[in-house]
**Q** 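Before I ask anything, let me first share the structure, which is written out below as structure tokens.
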Amino acid sequence: MRLLLVEDDNHVAAALAAILARHGFEVVHARSGEEAIQALLPADKEPFGVILLDLGLPDQDGYEVCGKIRKRTDTPVIMVTARADVRSRIHGLNLGADDYVVKPYDTGELLARIHAVSRRTTSGDAPPAGADSALALGPVQIELPTRRVTVDGTDVQLTRKEFDLLALLAQRPGVVFRREQIISEVWRTSWEGTGRTLEVHVASLRSKLRMPALIETVRGVGYRLVAPPVLQGP
């Protein structure tokens, strides 16, 4: 698999590239945001399987680069950041990142996250067999075939994983989904470290939909979707 490593520190990049190469990755190194964008342009090259994006770049804000990457490709993006606060992570996810790792990180953790996001396939975007093509939850409308979500008729832009998470919960309102089950079905992995990623995606969904009570945390178990009451006319 080809992997685009966006890292301005040559020593860090060389060490990481050597580790990734030992695990079968063909690493292309970009030292700046501009180099990263240019690396995506050649149409005759095999597409990248994953983009590893360090946010501390010398020429452009890393979040800005993430947004530009997402406009050009749907290749999974993993942000590498020194910012551990949830708000920063949500901001990155809103721009289209698929996951993140916080410095300092363990290389085993990084490899696990790379493999987790790279498991995404086109077939993973299809709704489950027998699922309704559209789901209505009060003001929230979810169209599974087109992956479109609206609230009171207004489109809400969700990342791929945010949509998958919402669709999973919405197909069985009121049912508690265990964290392990969600991680298995949405991220297709059983790796425990994905739990923090799940929390950030839930927080991002609550923010984007502007309905914090829609997804309820069941302490020690997981999450469930609480369908809004249907308002009856006069």
**Q** Check Lys161 with Asp99, please: is the shortest side-chain N to carboxylate O separation under 4.0 Å?
**A**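 No, no charged N to carboxylate O under 4.0 Å.
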**Q** Counting N and O atoms only, with roles assigned by atom type, does the side chain of Lys208 sit under 3.5 Å from a partner on the main chain of Val156, one being a donor and the other an acceptor?
**A**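 Side chain of Lys208 to backbone of Val156, a donor-acceptor pair under 3.5 Å: no, none is there.
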**Q** Could you list the residues that satisfy side-chain hydrogen bond (donor to acceptor under 3.5 Å, both in side chains) with Thr107, not counting sequence neighbours?
**A**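 If we apply the side-chain hydrogen bond (donor to acceptor under 3.5 Å, both in side chains) test to Thr107, skipping adjacent residues, there are no hits.
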**Q** Measure the spacing between OG1 of Thr197 and CD1 of Ile78 and express it to the nearest 0.5 Å.
**A**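 Separation between the atoms: 9.0 Å.
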**Q** Flag yes if more than 12 heavy atoms outside Gln157 fall under 6.0 Å of its CD atom; otherwise flag no.
**A**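 No, because the 6.0 Å sphere around CD of Gln157 holds 12 heavy atoms or fewer from other groups.
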**Q** Let me check something: do Val202 and Val226 share a hydrophobic cluster, defined by ILVMFWY side-chain heavy atoms less than 4.5 Å apart, either directly or through other members?
**A**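 No; Val226 is not reachable from Val202 via cluster members.
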**Q** Determine the minimum heavy-atom distance between Val6 and Ser32, stating which atoms define it.
**A**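 Looking at all heavy atoms of both residues, the closest pair is CG1-O, 3.9 Å.
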**Q** Got a second to check how far Asp152's CG is from Gln141's CD, nearest 0.5 Å?
**A**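 Answer for the CG-CD pair, Asp152 versus Gln141, is 9.5 Å.
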**Q** Return the minimal non-hydrogen interatomic distance between Gly33 and Asp59, and the atom names on each side.
**A**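 For Gly33 and Asp59, the tightest heavy-atom pair comes out as N-OD1, 2.9 Å.
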**Q** Salt bridge or not for Lys68 and Glu34, using N-O below 4.0 Å?
**A**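 Here Lys68 does not pair with Glu34 in a salt bridge, since their nearest N and O are not under 4.0 Å apart.
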**Q** Test Leu198 against Arg179 for side-chain contact (heavy atoms from CB on, under 4.5 Å), laying out the working first.
**A** CA-CA 8 Å; Leu198 171 58; Arg179 294 166 61 89; 4.2 Å; yes
**Q** Are the aromatic ring centres of Tyr100 and His91 under 6.0 angstrom apart?
**A**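 No: the rings miss the under 6.0 Å criterion.
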**Q** Test side-chain contact (heavy atoms from CB on, under 4.5 Å) on Val80 and Leu55 and set out the steps.
**A** CA-CA 6 Å; Val80 180; Leu55 295 182; over 6 Å; no
**Q** After noting the C-alpha distance and the side-chain angles of Leu110 and Leu16, does the key distance pass the side-chain contact (heavy atoms from CB on, under 4.5 Å) rule?
**A** CA-CA 10 Å; Leu110 177 62; Leu16 185 53; 3.7 Å; yes
**Q** Do Lys103 and Thr81 touch side chain to side chain, with heavy atoms closer than 4.5 Å?
**A**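 Not touching, per the 4.5 Å side-chain cut-off.
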**Q** Could you name each residue pair satisfying ring pair (Phe, Tyr, Trp, His ring centres under 6.0 Å) that touches residues 137-162, not counting sequence neighbours?
**A**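 Sorted result for residues 137-162: empty, none.
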**Q** Quick check on the hydrophobic clustering: are Leu111 and Leu52 connected, directly or via other members, by side-chain heavy-atom contacts under 4.5 Å?
**A**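 The answer is yes; both residues are in one hydrophobic cluster.
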**Q** Between the side chains of Glu162 and Ser204, does any donor sit under 3.5 Å from an acceptor?
**A**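 Ser204 and Glu162 do have a side-chain donor-acceptor pair below 3.5 Å.
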**Q** Mind checking whether Val175 and Leu169 have side chains closer than 4.5 Å, heavy atoms only?
**A**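 The answer is no, as the side chains (C-beta and beyond) never meet within the 4.5 Å cut-off.
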**Q** How close do Leu135 and Ala167 get, heavy atom to heavy atom, and via which atoms?
**A**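 Closest approach of Leu135 to Ala167, heavy atoms only: CD1-O, 4.4 Å.
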**Q** Measuring from atom CZ of Arg2 to atom CZ of Phe48, what distance do you get when rounded to the nearest 0.5 angstrom?
**A**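 Rounded to the nearest 0.5 Å, the CZ-CZ separation comes to 4.0 Å.
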**Q** Do Leu144 and Gln171 touch side chain to side chain, with heavy atoms closer than 4.5 Å?
**A**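 A side-chain contact under 4.5 Å exists here.
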**Q** Checking side-chain hydrogen bond (donor to acceptor under 3.5 Å, both in side chains) against Asp98, which of Arg113, His201, Arg70 comes through?
**A**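 In the set Arg113, His201, Arg70, the residue that makes a side-chain hydrogen bond (donor to acceptor under 3.5 Å, both in side chains) with Asp98 is Arg70.
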**Q** Less than 4.5 Å apart, side chain to side chain, heavy atoms only: is that true for Tyr223 and Val176?
**A**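 Sidechains of Val176 and Tyr223: no contact.
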**Q** Ignoring hydrogens and geometry beyond distance, is a side-chain donor-acceptor pair present between Thr217 and Arg224 at under 3.5 Å?
**A**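 On atom types as modelled, these side chains do not qualify, holding no pair under 3.5 Å.
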**Q** Quick one: CZ on Phe163 to OG1 on Thr146, what's the gap to the nearest 0.5 Å?
**A**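 Here the interatomic distance stands at 7.0 Å.
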**Q** Start with the C-alpha gap between Leu20 and Ile114, add the side-chain angles, then the distance that decides, and say whether side-chain contact (heavy atoms from CB on, under 4.5 Å) holds.
**A** CA-CA 10 Å; Leu20 292 170; Ile114 290 173; 3.8 Å; yes
**Q** Of the non-hydrogen atoms in Arg206 and Ile215, which two are nearest, and what is the gap between them?
**A**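 The pair with the smallest heavy-atom distance is NH2-O, 2.7 Å.
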**Q** Going only through I, L, V, M, F, W and Y residues with side-chain contacts under 4.5 Å, is there a path from Tyr105 to Phe25?
**A**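 Yes; tracing contacts between hydrophobic side chains, which count when under 4.5 Å, links both residues.
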**Q** Hey, any chance Leu214 and Val221 share a hydrophobic cluster, counting ILVMFWY side chains that come within less than 4.5 Å of each other, even indirectly?
**A**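 No.
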**Q** Quick one: CG on Leu53 to CG on Leu4, what's the gap to the nearest 0.5 Å?
**A**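 That separation rounds to 8.5 Å.
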**Q** Where is the tightest heavy-atom contact between Gly56 and Asp8, given as atom of each residue plus distance?
**A**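 Residues Gly56 and Asp8, closest heavy atoms: O-OD1, 3.2 Å.
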**Q** Can you tell me how far OG1 of Thr75 sits from CG of Leu40, rounded to the nearest 0.5 angstrom?
**A**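 Spacing of CG (Leu40) from OG1 (Thr75) equals 7.0 Å.
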**Q** Inspect the contact between Glu7 and Arg31 and indicate whether a charged nitrogen and a carboxylate oxygen are less than 4.0 angstrom apart.
**A**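 Looking at Arg31 and Glu7, the cut-off is not met.
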**Q** Between Leu168 and Ile182, is there a side-chain heavy-atom distance shorter than 4.5 Å?
**A**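 Sidechains of Leu168 and Ile182: in contact.
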**Q** Mind listing the closest non-hydrogen atom pair of Leu57 and Asp54 along with its distance?
**A**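 Shortest heavy-atom separation between Leu57 and Asp54 comes out as CG-O, 3.3 Å.
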**Q** Any salt bridge between Arg160 and Asp74, counting N to O under 4.0 Å?
**A**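 Salt bridge flag = yes for Asp74 with Arg160.
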